[in-house]
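Below is one structure, written out as structure tokens; the observations come after it.
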Number of protein chains: 2
Amino acid sequence: MDDDAALGQIETEVALLMRLGEATRRATPVAAHRSLDRAAYVILRHLQDAGPQNVSALAARLNLDGSTVTRQVSAMQRDGLVTREPDPHDGRGAVIRATRAGLNRVDAVRAARTALYGEILADWSPGDRRALAMLMRRLNESLDAHTRRTR
Amino acid sequence: MDDDAALGQIETEVALLMRLGEATRRATPVAAHRSLDRAAYVILRHLQDAGPQNVSALAARLNLDGSTVTRQVSAMQRDGLVTREPDPHDGRGAVIRATRAGLNRVDAVRAARTALYGEILADWSPGDRRALAMLMRRLNESLDAHTRRTR
DNA sequence: ATGAAGTATCTGTACTATACAGCTATATGG
DNA sequence: CCATATAGCTGTATAGTACAGATACTTCAT
């Protein structure tokens with residue numbers, strides 16, 4: 001495989017993965033997998049990792065429009081996964097904080113998804129799994145850097 | 001990194017890639033990249049690789065609902081990218097065939113996307129690119145096999 | 001201190017991609 | 001030749017997202 005073929009194939013595989021990833025998520029029968037949609041899951045993950053923060057910070061970090069985050073956060077608040085408190089330092093904004101229930105939920109979903117990937121990759125060697133994890137992390141870093149650069 | 005951590009990270013990276021892939025596609029300024037939406041692109045790619053076929057075959061192969069493919073194909077027909085002929089062997093169905101224009105379009109989009117990935121992965125070694133392409137192909141195979149198995 | 005410009009958020013609206021259910025027309029196996 | 005299955009289309013619903021506009025607050029230069 002020459003270098004251009006590798007690029008072409010990466011392009012193809014990313015497109016395919018986006019389709020299959022959706023299909024996999026939908027086809028997963030266990031409720032826990034689906035109890036958080038894609039955006040809610042990444043929002044909670046980010047709150048878990050980076051602590052309470054406002055809507056704009058989330059939007060910028062996740063490459064989402066502010067209005068999208070507003071709505072997602074509203075839904076999550078309705079479901080008791082996050083709280084919204086006025087920001088003491090900025091009267092315009094609010095601080096979004098994951099609740100205990102939200103953290104529990106995200107842990108449960110993550111555990112379920114990890115188990116799912118254990119099934120999917122059952123016949124992979126540990127070394128290949130690690131290699132995939134590492135290369136995908138780098139791919140996302142490169143994609144993110146490119147998106148931010150060209151904007 | 002132990003094995004469970006690798007699975008967890010793969011799960012995270014897939015979720016992130018689905019978000020970033022969308023953002024990248026949207027943020028891409030060149031018209032050619034966006035002149036085919038995700039489904040139209042994979043449909044044309046598949047017609048290109050596997051030849052003319054009916055709606056059901058496409059839906060099964062691409063893990064899409066038949067109605068989705070119907071609509072996508074209608075839009076593509078309107079745009080002159082595919083033709084729909086009655087199937088001589090089955091009066092219920094129709095055969096979808098990529099037109100010359102459709103093939104040109106898919107080639108242009110693929111070239112543009114390949115170039116884009118060339119930019120995104122500019123600082124990657126050829127070996128890493130090949131490794132990523134290979135592992136993602138295997139990931140998609142595993143995902144697809146799992147989706148079909150558990151259905 | 002104050003008005004202009006910037007920023008954070010929310011709301012209204014619209015679009016894309018998708019699924020599911022129901023319909024019609026055709027095919028096929030007893 | 002009927003009963004059931006299949007291919008495709010249409011109606012309807014949902015999720016996820018963006019963009020534009022409105023509002024409220026902040027910041028900064030004068």
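Below, read A as the first sequence line, B as the second, and so on, with proteins coming before strands; counting in each chain starts at 1.
Within the structure, the salt bridge (charged side-chain N to carboxylate O under 4.0 Å, His left out) test picks out the following pairs touching residues 42-53 of chain A (sequence neighbours left out): A:Arg45-B:Glu11. Within the structure, salt bridge (charged side-chain N to carboxylate O under 4.0 Å, His left out) contacts touching residues 87-96 of chain B (residues at least two apart or in different chains) are B:Asp90-B:Arg92.
One end of the helix from C:dA1-D:dT30 to C:dG30-D:dC1 points its axis 20° away from the other end's axis, with each axis taken from 5 pairs and the angle rounded to 10°.
Where A:Thr70 and B:Gly66 each meet DNA chain C at their nearest nucleotide, the meeting point lying more 5' is that of A:Thr70.
Following rounding to the nearest Å, A:Met76 (CE) and D:dG16 (P) show an atom-to-atom distance of 12 Å. Separating the CD1 atom of A:Ile96 from the P atom of C:dA8 is a distance of 13 Å, rounded to the nearest angstrom. In this structure, CG of A:Asp65 is placed 12 Å from P of C:dC10, rounded to the nearest angstrom. Rounded to an integer number of Å, the gap from B:Arg78 CZ to C:dT16 C1' is 13 Å. The CD-P distance, from A:Gln77 to C:dT9, rounds to 13 Å in whole Å. When rounded to the nearest whole Å, the span between CG of B:Asn63 and C1' of C:dA17 equals 15 Å. Separating the CG atom of B:Asn54 from the C1' atom of C:dT26 is a distance of 14 Å, rounded to the nearest angstrom. Note: CG (A:Leu58) to C1' (D:dT17) measures 16 Å, nearest angstrom.
Side-chain contact of A:Ser74 with A:Arg84: a donor-acceptor pair under 3.5 Å is present, judged by distance alone.
Among residues two or more places apart in sequence or in another chain, the side-chain hydrogen bond (donor to acceptor under 3.5 Å, both in side chains) test is passed with B:Ser56 by none. The salt bridge (charged side-chain N to carboxylate O under 4.0 Å, His left out) test applied to B:Glu13 returns no partner, not counting sequence neighbours. Every residue was checked against the side-chain hydrogen bond (donor to acceptor under 3.5 Å, both in side chains) condition with A:Thr99, not counting sequence neighbours, and none meets it. For A:Arg61, the side-chain hydrogen bond (donor to acceptor under 3.5 Å, both in side chains) test picks out no residue, with sequence neighbours left out. With sequence neighbours left out, A:Asp107 forms a salt bridge (charged side-chain N to carboxylate O under 4.0 Å, His left out) with A:Arg110.
Residue contacts for A:Thr68: at a heavy-atom cut-off of 4.0 Å it reaches a base atom on one of the strands shown.
One N or O donor and one acceptor, one from the side chain of A:Ser67 and one from the base of D:dC19, sit under 3.5 Å apart.
Taking a 4.0 Å limit (strictly below) on heavy-atom distances, residues 85-94 of chain B reaches DNA chain C at B:Asp90, B:Gly91, B:Arg92.
In this model, the phosphate group of C:dT13 is not approached by any side-chain N or O of A:Arg71 to a distance below 4.0 Å at OP1 or OP2.
The pair B:Arg138-A:Asp128 meets the salt-bridge criterion, since a charged nitrogen lies less than 4.0 angstrom from a carboxylate oxygen.
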